[in-house]
Amino acid sequence: MQIDATIDKNLAKVVEKVNVQTRTKSYSLCVKADALRFAKMYKEAVQNYLQAIMLDRAETKAYFGLAMSYKYLKEYNKAISTLLKLVKIDDSKDEYFFELGVCHLLNGEPESAIEHLIKAILINKENLEAQIQLAIAHELVDEADLSLMIYNKLIETNPEFLKAYYNKGAMLMGLGDFMEASKTFFQLIKRNPDYYKAYLGIAMSFDKLGKYKDAIRYYKKFLELKQFSEDAIFARERINELRAECFSKDNSLTLV
């Protein structure tokens, strides 16, 4: 009995040593793969993550890194498949379900995204990005009322989370409610006067409402903050077009 116990003890030590060495090798491969991923060498990172998984099928770090590499390679089906394997190993992290939701959105599957984003929020109610993505997903499945409810709740509970204002304003513009959109963008610049996209949103809203002089004023404000961009080209062209429009209506040069 004593001999058997000693043998069992020695075998346990060997098994433990083998497991530690295997895990260490797997972890080292993950570290290397992470470095490659951060350097945007995604294909090289994939190979190292796969090797790490071959050594340790429970290495969550490898699955997550592999999924993110596939995501940046725009291989969304592979990213989703990898993340589904990951949550079978560990379903306690909101980050995993959040990325599942994002990958489904990128893959043009907002219905599937909703399910995973809700899980992310249930795990971590402070995950504001998950709530934003959930609002986007609802909008994509023609549930604008739910999107608006989420944005309003975010603004109410997290008034400094500026993305909620911007996304709400952009959605209202898409719905053709330019007056409410402009009000939302004004709320945003009240929080942060340097949020240049809000000025463009206000300008475009006034433009659609036929308030051309106001539109020109805010196109200019946008250009003061962001004069070198693709949107700046549009803003300058639109200012010239609106000046011509004002001139033709007034039959005289309108200074704004």
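As a basis for the values below, the full set of heavy atoms in this structure was taken, side chains included, without hydrogen atoms, waters or symmetry mates.
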Decide salt bridge (charged side-chain N to carboxylate O under 4.0 Å, His left out) for D207 and R238; before the verdict, give the C-alpha distance in whole Å, the side-chain angles of both, and the deciding distance to 0.1 Å.
CA-CA 9 Å; D207 199 338; R238 193 61 188 143; 2.6 Å; yes
Among residues two or more places apart or on two chains, list those pairs meeting salt bridge (Lys or Arg N to Asp or Glu O under 4.0 Å) that have a residue in [range].
{"range": "residues 180-189", "result": "E180-K183"}
{"range": "residues 26-39", "result": "D34-R37, D34-K61"}
{"range": "residues 159-172", "result": "E129-K163, E160-R191"}

Exercise. Who passes side-chain hydrogen bond (donor to acceptor under 3.5 Å, both in side chains) against K74, sequence neighbours left out?
Worked result: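 Applying side-chain hydrogen bond (donor to acceptor under 3.5 Å, both in side chains) to K74 gives none.
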side-chain hydrogen bond (donor to acceptor under 3.5 Å, both in side chains) partners of K153, counting only residues at least two apart
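Applying side-chain hydrogen bond (donor to acceptor under 3.5 Å, both in side chains) to K153 gives none.
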Nearest-0.5 Å distance that lies between atom [atom1] in [X] and atom [atom2] in [Y]:
{"X": "E139", "Y": "N167", "atom1": "CD", "atom2": "CG", "result": "8.5 Å"}
{"X": "T60", "Y": "K93", "atom1": "OG1", "atom2": "NZ", "result": "6.0 Å"}
{"X": "L162", "Y": "I155", "atom1": "CG", "atom2": "CD1", "result": "10.0 Å"}
{"X": "T82", "Y": "L100", "atom1": "OG1", "atom2": "CG", "result": "10.0 Å"}
{"X": "K119", "Y": "Y96", "atom1": "NZ", "atom2": "OH", "result": "15.5 Å"}
{"X": "N124", "Y": "Q131", "atom1": "CG", "atom2": "CD", "result": "9.0 Å"}

For the hydrophobic clusters of this structure (ILVMFWY residues joined by side-chain heavy atoms under 4.5 Å, transitively), does one cluster hold both [X] and [Y]?
{"X": "L209", "Y": "I216", "result": "yes"}
{"X": "M179", "Y": "Y212", "result": "yes"}
{"X": "Y27", "Y": "I53", "result": "no"}
{"X": "L36", "Y": "V31", "result": "no"}

Just so I know, are the side chains of [X] and [Y] near enough to count as touching, which here means a heavy-atom distance under 4.5 Å?
{"X": "S147", "Y": "E143", "value": "no"}
{"X": "R236", "Y": "I239", "value": "no"}
{"X": "Q187", "Y": "T184", "value": "yes"}
{"X": "H104", "Y": "L83", "value": "no"}
{"X": "M204", "Y": "Y219", "value": "yes"}
{"X": "I202", "Y": "F206", "value": "yes"}

query: Y166 vs F185 aromatic rings, parallel, tilted or perpendicular, using cut-offs 30° and 60°?
result: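 Y166 and F185: tilted rings.
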- Give the ring-plane orientation class for Y218 versus F186, where under 30° counts as parallel, over 60° as perpendicular and anything between as tilted.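 Y218 and F186: perpendicular rings.
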Practice task
Could you list all the ring-ring contact (aromatic ring centres under 6.0 Å, His included) pairs where at least one residue sits in residues 34-59, not counting sequence neighbours?
Solution key: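 Listed by first then second residue: Y42-Y72.
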Test side chain to side chain contact (heavy atoms under 4.5 Å, CB included) applied to K211 and R217, step by step = CA-CA 10 Å; K211 298 183 177 183; R217 184 181 307 119; over 6 Å; no
Clusters formed by hydrophobic residues whose side-chain heavy atoms approach within less than 4.5 Å: which one holds L172, and what are its other members?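 Cluster partners of L172: Y76, F98, V102, L105, L106, I114, L117, I118, I121, L122, L128, I132, L134, I136, L140, V141, L148, I150, Y151, L154, F161, M171, L175.
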Donor-acceptor contacts, no H, no angles, side chain residues 62-70, under 3.5 Å, sequence neighbours left out:
unit_1: Y63; atom_1: OH; unit_2: R57; atom_2: O; d: 3.1
unit_1: S69; atom_1: OG; unit_2: G65; atom_2: O; d: 2.9

Who passes side-chain contact (heavy atoms from CB on, under 4.5 Å) against E237, sequence neighbours left out?
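Residues passing side-chain contact (heavy atoms from CB on, under 4.5 Å) with E237: I233.
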Original post:
Residues two or more places apart in sequence or in another chain: which of them pass side-chain contact (heavy atoms from CB on, under 4.5 Å) with K125?
Top reply: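 Residues passing side-chain contact (heavy atoms from CB on, under 4.5 Å) with K125: none at all.
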Quick check: closest heavy atoms across [X] and [Y], and the distance to 0.1 Å?
{"X": "A181", "Y": "S205", "answer": "CB-OG, 3.8 Å"}
{"X": "L73", "Y": "V46", "answer": "CD1-CG2, 4.1 Å"}
{"X": "E59", "Y": "S26", "answer": "CG-OG, 3.5 Å"}
{"X": "L84", "Y": "V87", "answer": "O-CG2, 3.2 Å"}
{"X": "L242", "Y": "A215", "answer": "CD1-CB, 3.9 Å"}
{"X": "A113", "Y": "G101", "answer": "CB-O, 3.3 Å"}

Donor-acceptor contact below 3.5 Å, side chain N48 vs main chain E44:
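Judged by distance alone, yes, a pair lies under 3.5 Å.
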Donor-acceptor check, side chain of Y165 to backbone of P159, threshold 3.5 angstrom: yes or no?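 A pair under 3.5 Å: yes.
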Going through the distances and angles, do E109 and I80 end up as a side chain to side chain contact (heavy atoms under 4.5 Å, CB included)? CA-CA 11 Å; E109 300 163 344; I80 291 166; 3.9 Å; yes
**Any residue meeting ring-ring contact (aromatic ring centres under 6.0 Å, His included) with F178, in chain and number order, not counting sequence neighbours** =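 So F178 forms no ring-ring contact (aromatic ring centres under 6.0 Å, His included) with any residue.
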Give the C-alpha distance, both sets of side-chain angles, the deciding distance and a yes or no for salt bridge (charged side-chain N to carboxylate O under 4.0 Å, His left out) between E224 and K220. CA-CA 6 Å; E224 289 173 7; K220 284 183 174 181; over 6 Å; no
Review point. For E95, what residues pass the salt bridge (charged side-chain N to carboxylate O under 4.0 Å, His left out) criterion, not counting sequence neighbours?
Key: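 For E95 there are no salt bridge (charged side-chain N to carboxylate O under 4.0 Å, His left out) partners, ignoring immediate neighbours.
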Does D145 have more than 12 heavy atoms from other residues, nucleotides or ligands lying within 6.0 Å of its CG?
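No, not enclosed.
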